[in-house]
Protein chains: 4
Amino acid sequence: MRVVVMSRKGGVGKSTTAIHLAGYLAGVSGGEASVLLVDTDPSRNALRVARRGRLPFRVVGEEEVDENPSLAREAQHLIVDMRGSPSAEEIEDAMRLAEVMVIPIMPSGLALDTLLQTRRDIKRLGREDRYRVLLTAVPPWPYRRGPQARAQLEEIGIPLFGTDIRRLEAFEAAADEGVLVRDLPDRRAQRAWEDYTRVGEELVEWVRSVRTPDLHAARSGGGA
Amino acid sequence: MRVVVMSRKGGVGKSTTAIHLAGYLAGVSGGEASVLLVDTDPSRNALRVARRGRLPFRVVGEEEVDENPSLAREAQHLIVDMRGSPSAEEIEDAMRLAEVMVIPIMPSGLALDTLLQTRRDIKRLGREDRYRVLLTAVPPWPYRRGPQARAQLEEIGIPLFGTDIRRLEAFEAAADEGVLVRDLPDRRAQRAWEDYTRVGEELVEWVRSVRTPDLHAARSGGGA
Amino acid sequence: MRVVVMSRKGGVGKSTTAIHLAGYLAGVSGGEASVLLVDTDPSRNALRVARRGRLPFRVVGEEEVDENPSLAREAQHLIVDMRGSPSAEEIEDAMRLAEVMVIPIMPSGLALDTLLQTRRDIKRLGREDRYRVLLTAVPPWPYRRGPQARAQLEEIGIPLFGTDIRRLEAFEAAADEGVLVRDLPDRRAQRAWEDYTRVGEELVEWVRSVRTPDLHAARSGGGA
Amino acid sequence: MRVVVMSRKGGVGKSTTAIHLAGYLAGVSGGEASVLLVDTDPSRNALRVARRGRLPFRVVGEEEVDENPSLAREAQHLIVDMRGSPSAEEIEDAMRLAEVMVIPIMPSGLALDTLLQTRRDIKRLGREDRYRVLLTAVPPWPYRRGPQARAQLEEIGIPLFGTDIRRLEAFEAAADEGVLVRDLPDRRAQRAWEDYTRVGEELVEWVRSVRTPDLHAARSGGGA
DNA sequence: TGAGTTAGAATGGCACCACCCGTC
DNA sequence: GACGGGTGGTGCCATTCTAACTCA
């Protein structure tokens, strides 16, 4: 599986998303060796987190892959934490590389504006079925920003993951410790892990359908 | 007064800080014309907010100032919302332009790492007394991230504003409406405005001391 | 059987392990004469314990074996309490001498780091199937260090004995008296002995499989 | 203040003692720069702990001091974590360097034997008033090993710190985190810190008396 | 329309309890 | 067998925020 995690704005949980999706895939596939997270972001946050503790998969910087391309070829699952504000060309390159693209955004009013530009770029490439937006850092009830943003995005036809990532302190603690939220001893951290588990399941199902488009189309077409 | 608001990471309240400090200065000086906010960030978030509603000062993009440099010269107070991850050269240019630099960061573990790099760049320029860090989006009690981050920053000798900006929904609402939190009808928004008021007071006092270093030294020396 | 007990750190129960494995083998083989414990550690702790009381096997210092090599040749079972922080060459020598190597470590965070270096040395010698780690001084419930360390070691693929040695006062008392925990009048000491009994059984089984690799392979192959 | 922490056996809390005494001195003197911990032990455990987190003083390896001797000269307080089983010559060198020597040992029967050899070496150097033994990892009541060991050591005239360091899980947690027990959020960790605080106070008082032997003798002699 | 009240969620500190160990 | 102590897990509570509801 080749997944790119991309977003125009920073501080939206991009590294957190890349790390936890990689962790989900590593847990599902069962082996450390088969998952590779490539950190392309200049801030190198994913690499920093990896150095602080122990993640159940390998994290490398962009330059390591450039020197040793077999790293990426041999990985069963490849997650790319893409740099912050990519140009249209960079988006194009990433979409060629990846099977799917995950775009985390926070439920903020300004985030939507920038998302529209990204959608234009992707549409121009004819890859509208290959990206999906993930709402992250969603505050709890009775905050309305989460449902509001979801409604707005759905209204304008942005494809969304069915599960949101909640704003939970556990994600901060996990980044500090250099581990997945799953591996924190805190009870509450398990709820944080549930969010990414659901997203991971959805991701796997989605990639499967992307890989067999005609079969999928035939099935859903036949059911209609 | 010439102030640059800068940060390496995105999503830390940079535009919010630039807008509200400009708003504070506009309120103090009493007239709209005398304050200019220059949005240098490629995301143009400050400009977007300005277009949505009505801010009590003028907001222009970088290119407008390039075309019409008198804009900046004539402004009594100049606030620059600097682009996201500036290079050392860009930092140098900004420090030449500005009297002081405000660096907003969120109380996150990873933010500190990147801050150290910024400090190195500034130290190399010999402008250590010209920057100050502002903690933004600080969650309320019983969260410990705020006090924790403050303690860590003080320990390693980072200059901090004495007041933190709390994480309040009012800032989101204000950005959506295109106004200052001061101008929201919500009661809670007033508390958000208080935070920036205190920071603004501190800023004014700081710039005054920066402008008259010998006077300041003489005064404190004479008072002893 | 030729067993080397080795560890990089001190105070991890190395002598205790050497003594009790020797005691187990002496009990199984039935005669005192057939088991020899060679104390190579400069602290000579095993020899000290032996001199204090009565162990059911012979304990000699390194120099005695150098003077009289037939001692080692004639022993049916040879246990070596190796010196504390061996160099790569010493490890190589020991691995040539021994059929298997037992590495006791305490469940401490720092112990793992040093263990990785040892693993590298052993891997370089191509003897990865000839060493096994024994968790010692494992505190009781509700301490989590024991299970935690076991999980970490298993995750990174370190071969472990299935049974841990608990942290029990009986081991201290036995060392003071110069006897095996088996020979203490205390009831609780029996539980301490059980731990080493299980490890001893595992050791015997392991050495058997090491000696007849093809037979073992054939047997498991034939069972299919 | 120049302190050497030394012991013949490993795993007795030598690094923990060096780190926490350094931490105490850093806290008393109030500044990070004035305390230097030199890790001479080949296992480099103190350096490892320092790299994991943030200690309020500088930790360097032996080689760094060799390259840059001014490091040690400029430090107000110098703590040396000495290598594990030092020879008589190494002890001599250390005693020449240090004002006082702290010898942590665990309350184990075997530890006493090795301690006697160390005492002989020190006596031969005529520095009997410059070393003191610290009981570490003392288990709680109703274990008797702590008081027992203290009684034995006092009987044979070994100088002891008046306070023992208890065996508390907090020390393991602190080493994992790379911080002092003082900086752990756990309540129980504060009790661990109290132990070293008392030892630190005793150490400061002791060094003061060592520096002004006649004054001290005069004062205690005069009764004033 | 504006002020006060209330519900829900999240974090973190506190108290309590289970469990094991060693001694008397 | 009782007792004291350490550790870690569970449950409870205080505090804060937001948004909806009620009331004047």
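Chain naming here is simple, since letters A, B, ... match the order of the sequence lines and numbering starts at 1 in each. When reading the values below, keep in mind they use all heavy atoms of this one structure, side chains included, and skip hydrogens, waters and symmetry mates.
A 4.5 Å side-chain heavy-atom check between D:S15 and D:V49 finds every atom pair outside the cut-off. D:H20 has its side chain within reach of D:F171: a pair of non-hydrogen atoms, C-beta onward, lies under 4.5 Å apart. Within the 4.5 Å cutoff, the side chain of D:V133 has no heavy atoms near those of the D:F161 side chain.
For B:R167 and B:Y143, the positive end sits near the middle of the six-membered ring, less than 6.0 Å away and at most 45° from its axis.
DNA chain E is contacted by both A:L168 and C:L168; A:L168 maps to the nucleotide lying nearer its 5′ end (nearest heavy atom per residue). Mapping C:R145 and A:R144 onto DNA chain F by nearest heavy atom places C:R145 closer to the 5' end of the strand.
Atom CZ of A:F171 and atom P of E:dT11 are 10 Å apart (whole Å). One atom, CG of C:L184, and another, P of E:dT23, lie 12 Å apart when rounded to the nearest Å. With rounding to whole Å, D:Q190 atom CD is found 15 Å from E:dC14 atom C1'. The nearest whole Å value for the distance from the CG atom in A:D186 to the C1' atom in E:dA10 is 11 Å. In this structure, the CZ atom of B:R166 is 20 Å from the P atom of E:dT11, given to the nearest Å.
In summary, contact between chain C and DNA chain F, defined as any nucleotide atom under 4.0 Å from a heavy atom of the protein, begins and ends at F:dG6 to F:dG9 in the 5' to 3' direction.
The salt bridge (charged side-chain N to carboxylate O under 4.0 Å, His left out) test applied to B:E177 returns no partner, not counting sequence neighbours.
Look at C:R145 and D:D176 and you find no salt bridge, because none of the NZ, NE, NH1 or NH2 atoms lies under 4.0 Å from a carboxylate O.
Under a 3.5 Å cut-off, the side chain of B:D186 and the backbone N or O of B:R188 do form a donor-acceptor pair.
Between C:W193 and C:Y24, the ring planes are tilted. Angles from 30° to 60° get that label.
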- prompt: Which parts of nucleotides 1-9 of chain E does protein reach within less than 4.0 Å, heavy atoms only, written one letter per nucleotide 5' to 3' as B for base, S for sugar-phosphate only and - for none?
  reply: ---B--BBS
